[in-house]
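By convention in this document, chain letters (A, B, ...) are assigned in the order of the sequence lines, proteins followed by strands, and residues within each chain are numbered from 1.
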Amino acid sequence: MYALVDCNSFYCSCERLFRPDLWKRPVGVLSNNDGCFVSRTKELKALGVKMGEPYFKVRDLCEKNKVAVFSANFSLYTNMSDRVMSTLAQFTPELEIYSVDEAFLNLSGLEHRGPESYGRLIKKMVERHTGIPVSVGIAPTKTLAKIANHLAKKNDSTGGVVYLPDERTQNEALSKVAVEDIWGIGKRNSVKLRMLNIKTAKDFKDYKNDKQIQNIFTKVGRMTQDELRGRVCFKLSLVPSKKKEIISSRTFGQAVYDIKDLREAVANYASLACEKLRHQESVCSMIEVYVRTNPFKEVAQYHASESFKMGAHTADTRKVIKYAWEVLDKLYQHGYEYKKAMVRISGITDKNCGQLSLFEAGDSKESDKLMEVIDKINDKDGPGTLKFAACGVNNLAWKMQQSLKSPRYVSSWSEIPSVN
DNA sequence: TCTGGGGTCCTAGGACCC
DNA sequence: TCTGGGGTCCTAGGACCC
């Protein structure tokens, strides 16, 4: 048996933790630049605010209904996520942290505890230890556990826990779930499924022509179908695998025109990506840069990307910035309103396993040492304490807007709440 | 005025090898 | 009239996830 534990409206729940006055009020959290809603409480959903809805479109509605709206505060969310996950780890030897707010638990060997009551215990303990409300779905495959979790979230009468032990309960559940709500079936594929007259998860499970499913939906679609039938295709992945590519991108707070500003932004994103790269003890050999104007605005549009393959692997921020700038220089066209830039590094392998080059030197010992010192200082004294001059200083034109950000209650000494 | 960020996997097709 | 067989690697594009 697998349990899927999923935090309810995770970012919003984090915001509510230190604000008891918000416990009954609708709460929403916005994407970067206070752009779109990325997390909503049930009260906000009930007001008709959709996932991904641009804030400016529903601002009046929010004000009228006293919605508490926040800028994203990721240091708070990742910190709370760690606490939730370490609580969950106490309930199973096999835990897969699937995302910031979700984890799969292997309950094999714990049958004597009674899966459903064990699920209720997990829910209670997470809520007691962290204050974050969760839903629990339990079933023999991950896909079925997802279904169970979906139903637990949707129906208050379940008390937030749904257990699907056998074919009878599974069939009953599957017939209540629309195809688009199956894990792994997205927008495109659900349209195709509906054309085959497959409307519910139960219809999909029962659809007999496996070959056809394989042809239309590839191997993954077939595996999903098998999982609905109770055959395990997706196992837990217990060790978090290293990233094969690392992307760093932001929409700018204001449009920028000058290549100097773009260079600063790109240098910052390259630095961020390299920090993540070194954190997982890897090196990269490919750098891609992408820039674009604002597609929502009626101005001259432009977007372009290009990549550069290095002769030798590196984890040295200086090199990556240098090459990223060379690529940027090629892409840059004067006269456009740029609104976003991206840096992607790939060709990632383990440090010390990078292919050497006859013609280009790899990272020197001095380079490794320098990066190590920079990372250590930033780790200790906060991100950006030490940075490259290429990244610019203060009042950056492209800096993002985050006017509604809550304090870093649990990750900054100066922002810890005080109790009177 | 104002619209996010970061990933993975699969497949087909092209280019190449003997 | 008639033109082999077997493979690998890479990339772009599409689909999905949170």
Side-chain angles (χ1 to χ4, degrees), chain A residues 4-7 9-11 28-39 49-60 62 69-74 77-78 81 96-104 142-143 146 149-150 179-193 214-224 233-234 237 240-255 265 268-269 272-273 276-277 280 285-286 288 290 292-299 305-307 309 337 339-348 400-404:
Chain A
L4 174 65
V5 179
D6 190 322
C7 303
S9 311
F10 181 55
Y11 295 172
V29 172
L30 301 172
S31 61
N32 281 337
N33 278 317
D34 298 339
C36 306
F37 280 97
V38 291
S39 179
V49 174
K50 298 270 179 285
M51 182 67 178
E53 179 100 54
Y55 178 39
F56 74 89
K57 285 191 178 172
V58 289
R59 184 169 279 167
D60 288 346
C62 290
V69 180
F70 291 93
S71 303
N73 185 349
F74 291 111
Y77 311 149
T78 50
S81 174
E96 175 184 344
I97 298 172
Y98 178 66
S99 74
V100 70
D101 70 334
E102 268 178 73
F104 288 101
K142 286 167 111 178
T143 307
K146 272 274 190 184
N149 190 285
H150 177 77
V179 278
E180 29 286 292
D181 293 329
I182 303 170
W183 186 44
I185 303 295
K187 236 185 181 152
R188 298 300 180 108
N189 283 343
S190 46
V191 172
K192 290 188 202 163
L193 283 170
Q214 161 98 35
N215 284 339
I216 304 177
F217 306 99
T218 76
K219 184 176 140 181
V220 187
R222 268 292 295 127
M223 287 161 96
T224 297
C233 298
F234 306 125
S237 45
S241 45
K242 295 189 176 181
K243 303 277 175 259
K244 296 168 183 170
E245 57 178 40
I246 296 171
I247 295 172
S248 177
S249 82
R250 299 281 184 281
T251 300
F252 307 143
Q254 297 168 350
N268 275 280
Y269 305 160
L272 253 175
K276 288 188 191 170
L277 183 71
Q280 64 166 31
S285 63
M286 186 98 98
E288 182 187 341
Y290 169 75
R292 70 157 168 75
T293 50
N294 185 351
F296 299 103
K297 203 172 165 187
E298 286 192 24
V299 291
S305 74
E306 201 159 317
S307 40
K309 193 166 180 162
E337 266 185 47
K339 189 64 177 168
K340 181 175 185 160
M342 178 198 82
V343 172
R344 183 207 313 261
I345 54 179
S346 56
I348 292 175
M400 54 185 190
Q401 312 270 334
Q402 287 197 302
S403 52
L404 307 166

Check: S39(A) side chain, V29(A) main-chain N or O, donor-acceptor pair, under 3.5 Å: no

Under 4.0 Å protein heavy-atom contacts per nucleotide of nucleotides 12-18 of chain C, with B for base, S for backbone only and - for none: ---SSSS

Secondary structure of DNA chain B in dot-bracket form (Watson-Crick or G-U wobble, distances below 3.5 Å, | marking inter-strand pairs): ....||||||||||||||

Pairwise side-chain contact, F234(A) with F104(A), heavy-atom cut-off 4.5 Å (strictly under): no

Residues that S31(A) engages under side chain to side chain contact (heavy atoms under 4.5 Å, CB included), provided they are two or more places apart: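 So S31(A) forms a side chain to side chain contact (heavy atoms under 4.5 Å, CB included) with C36(A), V38(A).
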
Closest approach of K192(A) to I216(A) (non-hydrogen atoms, all atoms of both residues):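 K192(A) and I216(A) have their closest heavy atoms at CD-CG2, 3.7 Å.
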
Heavy-atom closest contact (K339(A) atom, G253(A) atom, distance): NZ-O, 3.6 Å

Which whole-number value in Å describes the distance from [X] [atom1] to [N] [atom2]?
X       : N      : atom1 : atom2 : answer
R292(A) : dT3(B) : CZ    : P     : 9 Å
R59(A)  : dT1(B) : CZ    : C1'   : 9 Å
Q401(A) : dC2(B) : CD    : P     : 11 Å
R344(A) : dT8(B) : CZ    : C1'   : 12 Å
K276(A) : dG6(B) : NZ    : C1'   : 7 Å
L272(A) : dG6(B) : CG    : P     : 8 Å
F37(A)  : dT3(B) : CZ    : C1'   : 12 Å
L277(A) : dG6(B) : CG    : P     : 15 Å

From CD1 (I185(A)) to CZ (F217(A)), nearest 0.5 Å: 6.5 Å

Atom CZ of R59(A) with >12 non-hydrogen neighbours under 6.0 angstrom: yes

Residue closer to the 5' end of DNA chain B, Q214(A) versus C36(A) (nearest nucleotide):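 Comparing both residues, the 5'-ward one is C36(A).
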
Nucleic acid contacts of residues 241-252 of chain A, taken as heavy-atom distances under 4.0 Å to DNA chain C: none

Side chain to side chain donor-acceptor pair (under 3.5 Å) against Y77(A), all qualifying residues, sequence neighbours excluded: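 Y77(A): side chain to side chain donor-acceptor pair (under 3.5 Å) contacts with E15(A).
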
Partners passing side chain to side chain donor-acceptor pair (under 3.5 Å) against Q214(A) (at least two apart in sequence or in another chain): none

Any [X] side-chain N or O less than 4.0 Å from OP1/OP2 of [N]:
X       : N      : result
K340(A) : dT3(B) : no
K339(A) : dC2(B) : no
N33(A)  : dC2(B) : no

Salt-bridge present (E180(A), K187(A); N to O < 4.0 Å): no

Charged N-O contact under 4.0 Å between E102(A) and K146(A):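 Looking at K146(A) together with E102(A), the answer is yes, because their closest N to O distance falls below 4.0 Å.
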
Nearest-neighbour nucleotide for the K219(A) side chain, dT11(B), dG4(B), dT3(B) considered: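 Nearest to the side-chain atoms of K219(A), counting from C-beta on, is dT11(B).
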
Criterion side chain to side chain contact (heavy atoms under 4.5 Å, CB included) against H150(A), the qualifying member of D181(A), L4(A), D6(A):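 With H150(A) as partner, side chain to side chain contact (heavy atoms under 4.5 Å, CB included) holds for just one option, D181(A).
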
dT3(B) to dC18(C) separation - P atoms, rounded to the nearest Å: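 Roughly 26 Å separates the two P atoms.
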
